[in-house]
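Order of the sequence lines fixes the chain letters, A, B, ..., with proteins taken first and strands second; residue numbering starts at 1 for each chain. All values below were derived from every heavy atom in this structure, side-chain atoms included, with hydrogens, water molecules and symmetry-related copies excluded. In this text, all values refer to a predicted model and were calculated from it rather than measured experimentally.
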Protein chains: 2
Amino acid sequence: MAIGIKISLHEGLYLRDPQETSLGKNIIKHSIILIDEVGLEAFNFKKLAKQMGSTEASVYRYFENKHMLLLYLVSWYWEWVSFMIDMNTMNINDPRQKLHIIIDTLVSASRENPAIDYVNESILHRIVIAEGTKAYHIKEVDKENSEGFFLNYNNLSEKVANVISELNPNFPYPHALASNLFEMANNHIYFALHLPELTDVKIKGDNYKEVQEMLEYFAFKILGCK
Amino acid sequence: MAIGIKISLHEGLYLRDPQETSLGKNIIKHSIILIDEVGLEAFNFKKLAKQMGSTEASVYRYFENKHMLLLYLVSWYWEWVSFMIDMNTMNINDPRQKLHIIIDTLVSASRENPAIDYVNESILHRIVIAEGTKAYHIKEVDKENSEGFFLNYNNLSEKVANVISELNPNFPYPHALASNLFEMANNHIYFALHLPELTDVKIKGDNYKEVQEMLEYFAFKILGCK
DNA sequence: TGTTCATAATAGCAATACTATTATTTAAAA
DNA sequence: TTTTAAATAATAGTATTGCTATTATGAACA
């Protein structure tokens with residue numbers, strides 16, 4: 001099943017492209033597992049190196065620090081979602097149906113057939129849910145945004161905003177609705193699992209159906225078509 | 001203007017109640033200023049102690065670590081918002097009008113007349129916007145939630161959910177809409193200032209009018225009353 | 001007047017976030 | 001096949017962070 005996909009990410013995110021070498025791929029693979037396991041705060045390059053049988057200094061030759069590694073992983077995730085949306089909406093013209101597919105992809109991107117063996121999309125999804133906002137809630141946000149470090153997220157927002165505007169050209173907040181759908185999808189999965197007082201949906205096993213239904217309710221109601 | 005308000009917070013948040021001593025109040029005051037200035041990542045107790053002319057060890061006798069201090073500040077903020085909502089909706093019965101006031105309070109809580117001299121509500125609002133989600137995006141979230149560390153946020157969510165249900169008893173997602181309004185309010189202020197591609201609203205000076213209008217549009221449209 | 005309590009001052013230690021240096025392996029070029 | 005370059009491993013080291021312990025000072029109070 002390993003099709004030859006290469007997720008394209010901003011060069012400024014890394015010092016050496018991890019997708020080019022086996023050590024690089026190993027860093028990606030194990031960092032996903034380890035961040036999920038211990039959380040971003042307790043995660044560091046020494047533990048990562050130990051776990052993958054390499055050295056701290058070697059990891060540092062790929063990523064400047066753990067913030068950049070997180071940003072890389074999060075960007076990877078959104079680029080992956082964007083790619084899945086493109087695949088799933090191919091040949092579909094009805095914007096209404098496109099938005100349905102976008103929402104479906106948002107909550108279930110992690111369950112799609114894995115095409116890249118060194119990335120466990122399902123665990124990566126958990127990381128984005130739990131740690132994703134830390135990638136841009138930083139003092140250097142303006143500088144990093146101006147350098148294009150958040151392009152994958154920005155582009156996806158633009159893409160979904162276009163579908164929204166197609167569906168309802170008079171809707172005044174297409175970008176806000178787009179980014180709100182992303183945030184809501186992740187937040188309410190997190191809430192359902194950890195802070196149930198903050199939501200009304202439940203998750204059984206890996207069934208995100210209620211989250212998906214809620215997003216559809218919100219999106220189509222806001223857009224005045226339902 | 002200093003009315004004798006005491007914001008009531010969960011005892012588990014601190015080791016010693018900072019509201020009880022002048023050193024404690026100083027810790028609150030200066031931590032707000034310093035976190036805003038350098039960001040949560042670069043903030044630590046040594047710098048805080050230095051800035052306020054005290055010692056690291058003294059700060060540690062009030063808060064277990066910087067996570068707990070952040071949680072304290074965030075809880076303080078939400079309790080303050082909750083208090084303001086209660087004040088502003090006193091004697092108002094129409095749930096529709098209540099929701100208007102809630103949204104207004106959410107975006108402008110920081111501009112209200114400051115009643116507690118050692119807390120700069122306006123700066124605290126910036127901290128909650130920029131660092132707030134880090135308070136509950138942690139590995140220990142389940143344990144801390146079960147100990148009631150997020151009660152202020154949970155209670156506010158419940159309060160607003162009740163108003164929503166009053167307004168539209170058939171609406172299936174009152175808690176989700178409530179928490180989404182909180183998150184959206186803060187996110188889109190942050191986006192407008194730092195990641196403008198992710199929103200459609202603009203902020204001029206300290207005028208959050210467009211954010212407020214958007215929240216009203218979303219809330220009332222979703223609830224089917226507009 | 002003595003006792004208790006909070007804070008200040010200082011020190012110290014283990015872990016973190018990096019950087020530098022050298023040695024070894026691998027892999028491509030001549 | 002040898003040379004050379006590049007990537008990685010091994011090791012060490014430094015500055016900062018996160019936190020604890022010890023003692024001294026001063027205020028409060030009984």
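- From A:Thr21, atom OG1 reaches atom CZ of A:Arg61 across 10.5 Å, with rounding to the nearest 0.5 Å.
- In this structure, the ring-ring contact (aromatic ring centres under 6.0 Å, His included) partners of A:Phe63, at least two apart in sequence or on a different chain, are A:Tyr72.
- With sequence neighbours excluded, the residues that form a ring-ring contact (aromatic ring centres under 6.0 Å, His included) with B:Tyr77 are B:His125.
- Using a 4.5 Å heavy-atom threshold, the side chains of B:Leu69 and B:Phe43 count as touching.
- Residue pairs that meet the side-chain hydrogen bond (donor to acceptor under 3.5 Å, both in side chains) test with at least one member in residues 205-215 of chain B, sequence neighbours left out, are B:Asp104-B:Gln212, B:Lys204-B:Glu210.
- Residues A:Glu144 and A:Tyr136 have side chains not in contact (no heavy-atom distance under 4.5 Å, counting atoms from C-beta outward).
- Of the residues in residues 31-51 of chain A, not one comes within less than 4.0 Å of DNA chain D through any heavy atom.
- Residues satisfying the ring-ring contact (aromatic ring centres under 6.0 Å, His included) criterion with A:His194, sequence neighbours excluded, are A:Tyr190.
- Electrostatic pairing of B:Lys134 and B:Glu41 counts as a salt bridge here, judged by a charged N lying under 4.0 Å from a carboxylate O.
- Residues that satisfy the salt bridge (charged side-chain N to carboxylate O under 4.0 Å, His left out) test with B:Asp142, not counting sequence neighbours, are absent from this structure.
- Here the P atom of nucleotide D:dT8 and the CD atom of A:Glu56 are 16 Å apart, to the nearest Å.
- Proximity of A:Asp86 to A:Lys159: side-chain heavy atoms (C-beta onward) are separated by under 4.5 Å at one or more points.
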For nucleotides 25-30 of chain D, list the nitrogen or oxygen atoms of the protein found under 3.5 Å from its nitrogen or oxygen atoms, one pair per line.
none

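- Taking a 4.0 Å limit (strictly below) on heavy-atom distances, residues 57-76 of chain A reaches DNA chain D at A:Ser58, A:Arg61, A:Tyr62.
- For B:Phe149, the ring-ring contact (aromatic ring centres under 6.0 Å, His included) criterion is met by B:His10, not counting sequence neighbours.
- Between B:Ser179 and A:Leu198, the shortest heavy-atom contact is OG-O, 2.8 Å.
- Contacts of B:Glu140 classified as salt bridge (charged side-chain N to carboxylate O under 4.0 Å, His left out), with partners at least two apart in sequence or in another chain: none.
- Inter-axis angle, ends of the helix from C:dT1-D:dA30 to C:dA30-D:dT1, five pairs per end, rounded to 10 degrees: 0°.
- Side chains of B:Glu131 and A:His137: a donor-acceptor N/O pair is absent below 3.5 angstrom, by distance only.
- Two residues are said to be in side-chain contact when any heavy atoms from C-beta on lie closer than 4.5 Å; B:Ile85 and B:Ile101 fail this criterion.
- Note that the first and last nucleotides of DNA chain C, 5' to 3', having any atom under 4.0 angstrom from a heavy atom of chain B are C:dA6 to C:dA9.
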